Every structure is written in structure tokens, then in C-alpha cells.
Amino acid sequence: MKKTRNMLAAAVIGAAFFVLAGCGAGGGEPFRIVSGSENQELEAVLEACERATGVDIEMSYQGSVDIMRILQQGGGEYDGVWPASSLWLTLGDAGHKVKYAESISTTPVVFGIRKSLAQELGFTREDVSLKDILKAIQEGKLSFCMTSATQSNSGASAYIGFIQAFLDKNQAVTREDLEKQELQESLRELLSGVERSSGSSDWLKDMFLEGNYDAMVNYECLIISANRELTAQGKEPLYVVYPYDGLSLADSPLGYIDKGNEAKEEQFLKIKEYLLSEEAQTQIEATGRRIGYSGVSPQNQEVFNPDWGIDTERILSPISMPAADVLMEALNLYQTELRKPSLTVYCLDYSGSMAGEGQEQLEEAARTIFVQEEASRYLLQASEKEIDSAILFGDEINGEYLVDEPTAENLQALYEWICQAQPWGGTDIYRAAIRGLDILSQYDLSQYTPAIILMTDGQSNGWTEFDDFVEAYEEMGMDVPVFSIMFGDAQESQLAELAQYTNGRVFDGTEDLIGAFRSVKGYN
């Protein structure tokens, strides 16, 4: 088995599919599982599962909201589901299609803070509260990276933990709780400390390793994975901080999507039985996941390094998750009012080659982002203070449009402006990206989550080159990712170069441009 892990050199994703090429039974269709991205680290375990069971397994790694929507629609083409948390089964499985769901492992959602900074802040003690962390953010001593609460389980779980901590209650959150202004203000201030966002927990870890950031909120197992890489590179590790008043836990349930196929059901039961076997559980624990609610097995003690702040004796007492309707209200509140507002420049290729089908697909993709009724289906609505700018480009800048008051009407007008444009000219992605930097430089980026989203269907062949972009980027002194969407005949190497330089990512829109736009928007 070979899988490219360098997200900067080859970070192309729509919905990431991976077929475990093992010693399966051969013939027939594979057993398809839709899973959270954090399970990419278990591929060696799944290969062993194939060999032991004779079942070919195909994994599709998607965001939590997409997993929820797949379940709401009956499971689609999938036979099994493996989200990070049971809450997505609760929200998605309205038709009660999921059977035999059982936790494969657990991992708490924690703060991983550079060890020297954690010591400086006094966070190496056991009784750190979320209010202590908020104070450090308010004093300008701490910022952190985190996945979007409306796109990724680690972000959603952390966010619910934040709510519970600020309410200082042991019972599940209610609608009345969410209306409290003091709570909302505390959440808004805490989330103002988010320096970079992501739609994927696994990619957040990779992004963190390539950047220069203070901390990240992520699964304990991914902090362990990050620390292994940091120490191997001779760099300072992260120190794990468990806020005692808002600890959330990912329980990693694996379930069967029942469509009346007895053969598939039998395959699932074989897979589950293997993953819960002593052999597999020990392998899973070796990746930094817990297979019990306290303590770890002797052979994996060194994995949970106490020098990194990892406490295997701590009893993991997770928060109570709210009812499904309250959870959805909380997520909508996060998306529209509480999160740090995004500042996004969309650089959209409107060269001549986009005429026809390409233009139609781009317009439909823009609809899912800018038409708020449509965006709300994917929890991608605009927040109260976000700013959206669109640049249409060919080999020159064909047009620009700015929305700094993100009402539904203003964003609808932006969408209609895009639809009325006519493609023409060649392709110069660097000219458009430099113009995007120029627009961003007019704002105080510390108040926003900034990004350039660049979509192109062809090779850049204008007068501007990558070196011109580098010069402009260095001159402006920004930490702004370029998230590129590859479409048509776009040259992947050009987009990967931009992603690598800016610690961004390339998304593959060649098969599903609409899905690629939804995915990339979830990253800021």
C-alpha cells in the first residue's frame, strides 16, 4: 500500500477516496465506509483487517456535516459509517438505517500548546479551566488553530465543550442557555483567538506542522501524532491541556447502514469483530487512541508521553451532548454570529475556456456559497461581519465585486453578478492572486480568518509568474493561505506550488466542482 502524505506537494482532495489494496476476497464490490479524516491514521490496521477477514474495504474520508447529510439521505452508496462522534449519527440517522453501532476507540478533544508557552502561561498544572485559556487570549498571550465547528467533529465537540464550561453546568445545554448574552460574548472572545481554521482535523495537524503557530485544538491522538513528527524534526513538542470544565470526547462509532443486503451485513460484522479484537485494539491504541475510559495497556505506555502533558490516569468524564435540535441551533449560532469572521477573496477563472459547461458548473457552485438559503443546507452561511470579494480573471482582471455588508440580498447580488459575466481571454492565475493580496492588505487581518480561494480550469500562461506572487506575498508580510480548486485542464503543479508556499491546499473539482467549493469554504 502506498499513500502520499505530503499535503503540500500533492494535496488534492474532493472527497478523499482510498481503496485498501490488500488480500481481500477479490471479485464483487468492496465494502464502502464513509469516515472522518482522523481515521486515515488507521489504514495499517484496516489492511490487517482485510487480510484477516477477506473483505475488501474502501474508505471515503469526508467532513462531519457531509457524513450527517449522507445519513439523512439514506446512506448513499455506502455500506458503513465511521464518524468521529456518535452525535453525527444522532443528527443524521433520522431513518434509523444504522445498526450495530459501537465505539472502536475514544480520544478527548484537547488544547495542544507549545510546551514553553504552556509553562509560561501556567498551564502545565492539572486544574486549567477554559476561563484560564480565555484570559490568556484576552491578554494577547495565546492564539490557536481549530477546525470549523460546522464542518468537523473536533471543532464541533470543542465548541460544545466551550459552551458547557462557560455555562458552568453539568446538564446538557438548552435553547434558553444559547440565548444568554454573557455566554455568547465569552464564546465570541474565545473564538477571536482562532488564528487558522480548517474543515478537517487531520489536515489541521498537517497545516500546523508546516506553520509557526502557538497551539491547536484537536484530538489527543492527533496531538500525539504531531509531537512524534515535531520531535523527529528536533522541534518543540506540544503540551496537552485538558480543560477540566469542558472536556469533550470523540467515541469513534462504527455502524452498518442497513439496506437489506445480508452479504454486506455479514461483511460488516466481520470487520467490526476484527477491529474490536485484542490484536486490533492494541494496534489502534498504539496510534494514540484510547481503548478504555482510563489507563492504557503496558505495551503502549510510551505512546502516551507524560512529558507532553498526557495524563493516562485522568478519568475521562465527557460533557453531556445537547438534544439534536439544540445542537443544530448551537451550530447555526456559531456559523452566523460567534465565529471569527472570514475575509475571503474568490479568484474565479473566467477565461474563454470556461464558456459553456464550465461556466454553468461554476455558477451552480457559487450558488451553494452565496445564496444563503442554499448555503444554510451545508452550514456555510455568512457570518455577521464577514467580507467577501470576487475577482473574475482571464489573462487580465475582468471584474471585481465586494460585499462588506453580508446580508442575504447583498450576497444574492454578488451571485447574480457572477452569473451575468462572460468568459473571455487567456489565463493568469498569479495576476489574480496578487490582486487578492492587495485587497486583503487593506484590512486588519487579525480581526478575520483570511483566505484566497482560487479556481482555474487551465494552465497559467500570462505575463505574471509564481516569482511575482512570492515577491508580493513577502512584501505584504501576510499569513494568508491560497486554497486552490483544480478544474478542467488546470495544471496541478502550479496550484500545488501556491499551496505549499502559503500553507494552503489544493482541492480537486474535476469530478465535482460544487462539492469542491463547499469543501474549501469550510476551511475559513
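Both backbone and side-chain heavy atoms feed into the values below; hydrogens, waters and symmetry mates do not. Computed from a predicted structure; not experimentally measured.
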(message) Treating E50 as the side-chain partner and I57 as the backbone partner, does any N or O pair qualify as donor plus acceptor under 3.5 Å?
(response) yes

(message) Which heavy atom of L238 sits nearest to which heavy atom of D214, and what is that distance?
(response) CD2-O, 4.4 Å

(message) side-chain contact (heavy atoms from CB on, under 4.5 Å) for Q62 and I70? Distances and angles first, verdict last.
(response) CA-CA 10 Å; Q62 301 208 24; I70 287 167; 3.9 Å; yes

(request) Could you tell me whether Q442 atom CD has more than 12 heavy atoms of other residues or ligands within 6.0 Å of it? (result) yes

(message) Under a 3.5 Å threshold, yes or no: a donor from one side chain and an acceptor from the other, between E416 and Q420?
(response) no

(request) Measure from the side-chain N and O atoms of Q494 to the backbone N and O of S460, and report whether any donor-acceptor pair falls under 3.5 Å. (result) yes

(message) Working note: Y501 + Y473, criterion ring pair (Phe, Tyr, Trp, His ring centres under 6.0 Å); need CA distance, chi angles, decisive distance, verdict.
(response) CA-CA 10 Å; Y501 186 74; Y473 196 91; 5.4 Å; yes

(message) For D479, is the CG atom crowded, meaning more than 12 foreign heavy atoms sit under 6.0 Å from it?
(response) yes

(message) Tell me if a side-chain donor or acceptor on D468 pairs with a main-chain N or O of E465 at a distance below 3.5 Å.
(response) yes

(request) Mind checking the CZ-CZ spacing from R518 to F507? Nearest 0.5 Å is all I need. (result) 12.0 Å

(request) Determine the minimum heavy-atom distance between I223 and V110, stating which atoms define it. (result) CG1-CG2, 4.0 Å

(message) Please check this pair: side chain of D428 against backbone of N461, looking for a donor-acceptor N/O pair closer than 3.5 Å.
(response) no

(message) Looking only at side-chain N and O atoms, does N153 offer a donor or acceptor that is under 3.5 Å from a partner on S64?
(response) no

(message) Evaluate F111 against F144 for ring pair (Phe, Tyr, Trp, His ring centres under 6.0 Å), listing each step before the verdict.
(response) CA-CA 9 Å; F111 278 81; F144 62 97; 5.5 Å; yes

(message) Could you measure the distance from the CG atom of N524 to the CD1 atom of I453? Nearest 0.5 Å is fine.
(response) 5.0 Å

(request) Work out which heavy atom in E363 is nearest to a heavy atom in I418; give both atom names and the distance. (result) OE2-O, 4.5 Å

(message) Run Y61 and N39 through side-chain contact (heavy atoms from CB on, under 4.5 Å) and show every step you take.
(response) CA-CA 8 Å; Y61 299 108; N39 285 332; 4.3 Å; yes

(request) Decide side-chain contact (heavy atoms from CB on, under 4.5 Å) for L343 and T449; before the verdict, give the C-alpha distance in whole Å, the side-chain angles of both, and the deciding distance to 0.1 Å. (result) CA-CA 6 Å; L343 171 50; T449 303; over 6 Å; no

(request) Could you check if a side-chain atom of D404 sits within less than 4.5 angstrom of a side-chain atom of L402, using non-hydrogen atoms only? (result) yes

(message) Evaluate K264 against Y256 for side-chain contact (heavy atoms from CB on, under 4.5 Å), listing each step before the verdict.
(response) CA-CA 9 Å; K264 292 288 186 182; Y256 170 63; 3.9 Å; yes

(message) Please check if the number of heavy atoms outside E185 that lie under 6.0 Å from its CD is greater than 12.
(response) yes

(request) Check the side chains of D66 and Y378 for a donor-acceptor pair under 3.5 angstrom, ignoring hydrogens and angles. (result) no

(request) Using a cut-off of 6.0 Å, state whether more than 12 heavy atoms not belonging to E396 lie near its atom CD. (result) no

(request) For the residue pair I514 and Q361, establish whether any side-chain heavy-atom pair is separated by less than 4.5 Å. (result) no

(message) Determine whether the aromatic ring centres of residues Y430 and F469 are separated by less than 6.0 angstrom.
(response) no

(request) Go through the side-chain N and O atoms of D202 and S200 and say whether any donor and acceptor fall under 3.5 Å apart. (result) no

(message) For a 4.5 angstrom cut-off between non-hydrogen side-chain atoms, does F466 reach V470?
(response) yes

(message) Take a 6.0 Å sphere around CD of Q233 and say whether it holds more than 12 heavy atoms from other residues, nucleotides or ligands.
(response) yes

(request) Would you check if the side chain of R69 reaches a backbone N or O of V65 as a donor-acceptor pair within less than 3.5 Å? (result) no

(request) Side-chain contact test, heavy atoms from C-beta onward, threshold under 4.5 Å: evaluate it for T427 versus D395 and give yes or no. (result) no

(request) Locate the shortest heavy-atom distance separating I67 from G36; write the atom from each residue and the value. (result) CD1-N, 3.8 Å

(message) Between S143 (side chain only) and E195 (backbone N and O only), is there a donor and an acceptor less than 3.5 Å apart?
(response) no

(request) With rounding to the nearest 0.5 Å, note down the distance linking NZ in K340 to OG in S446. (result) 6.5 Å

(request) For G504 and P481, work out which heavy atoms get closest and say how close. (result) CA-CB, 4.1 Å

(message) What I'd like to find out is whether the side chain of M207 reaches to under 4.5 Å of the side chain of C145, using heavy atoms alone.
(response) yes

(request) Could you tell me whether E405 atom CD has more than 12 heavy atoms of other residues or ligands within 6.0 Å of it? (result) no

(message) Looking at K97 and D258, is any side-chain nitrogen of the basic one under 4.0 Å from a carboxylate oxygen of the acidic one?
(response) no

(request) Would you check if the side chain of S225 reaches a backbone N or O of C221 as a donor-acceptor pair within less than 3.5 Å? (result) no

(request) Output the distance between atom OG (S148) and atom OH (Y334), rounded to the nearest 0.5 Å. (result) 4.0 Å

(message) When you compare the side chain of R339 with that of E386, does any pair of heavy atoms fall below 4.5 Å?
(response) yes

(request) Using ring pair (Phe, Tyr, Trp, His ring centres under 6.0 Å) as the criterion, point out the one residue from Y346, Y401, Y415 that pairs with F370. (result) Y346

(message) Does atom CG (N212) have a neighbourhood of more than 12 heavy atoms from anything else shown, all under 6.0 Å?
(response) no

(request) Applying side chain to side chain contact (heavy atoms under 4.5 Å, CB included) between Y159 and each of V109, L187, T150, T147, report the one that passes. (result) L187

(message) Could you tell me if the side chain of I429 sits less than 4.5 Å from the side chain of L495, heavy atoms only?
(response) yes

(message) Looking at K205 and E41, is there a salt bridge between them, counting it only when a charged N and a carboxylate O are closer than 4.0 Å?
(response) yes

(request) Taking only Lys NZ, Arg NE, NH1 and NH2, and the carboxylate oxygens of Asp or Glu, determine whether R435 and E400 approach each other closer than 4.0 Å. (result) yes

(request) Would you mind reporting whether W82 and V34 have side-chain heavy atoms less than 4.5 Å apart? (result) no

(message) Between S383 and T336, is there a side-chain donor-acceptor contact under 3.5 Å, judged purely by atom types and distance?
(response) no

(request) Taking atom CD of Q72 as the centre, report whether more than 12 heavy atoms of other residues, nucleotides or ligands fall under 6.0 Å from it. (result) yes

(message) Restricting to non-hydrogen atoms, name the atom on S353 and the atom on D457 that form the minimum distance, rounded to 0.1 Å.
(response) OG-OD2, 2.9 Å

(message) Once rounded to the nearest 0.5 Å, what's the spacing between atom CD of E220 and atom OG of S154?
(response) 13.5 Å

(request) Say whether, by atom type as modelled, one donor and one acceptor occur between the side chain of K259 and the main chain of G76 under 3.5 angstrom. (result) yes

(request) Would you confirm whether E58, through its side chain, and I33, through its main-chain N or O, come within 3.5 Å as a donor-acceptor pair? (result) no

(request) Supply the atom-to-atom distance D512 CG to F487 CZ, rounded to the nearest 0.5 angstrom. (result) 10.0 Å

(request) For S376 and Q381, test the side chains for any donor-to-acceptor distance below 3.5 angstrom and give the result as yes or no. (result) no

(request) Report yes or no: does E77 contribute a side-chain atom to a donor-acceptor pair with the main-chain N or O of R32 at less than 3.5 Å? (result) no

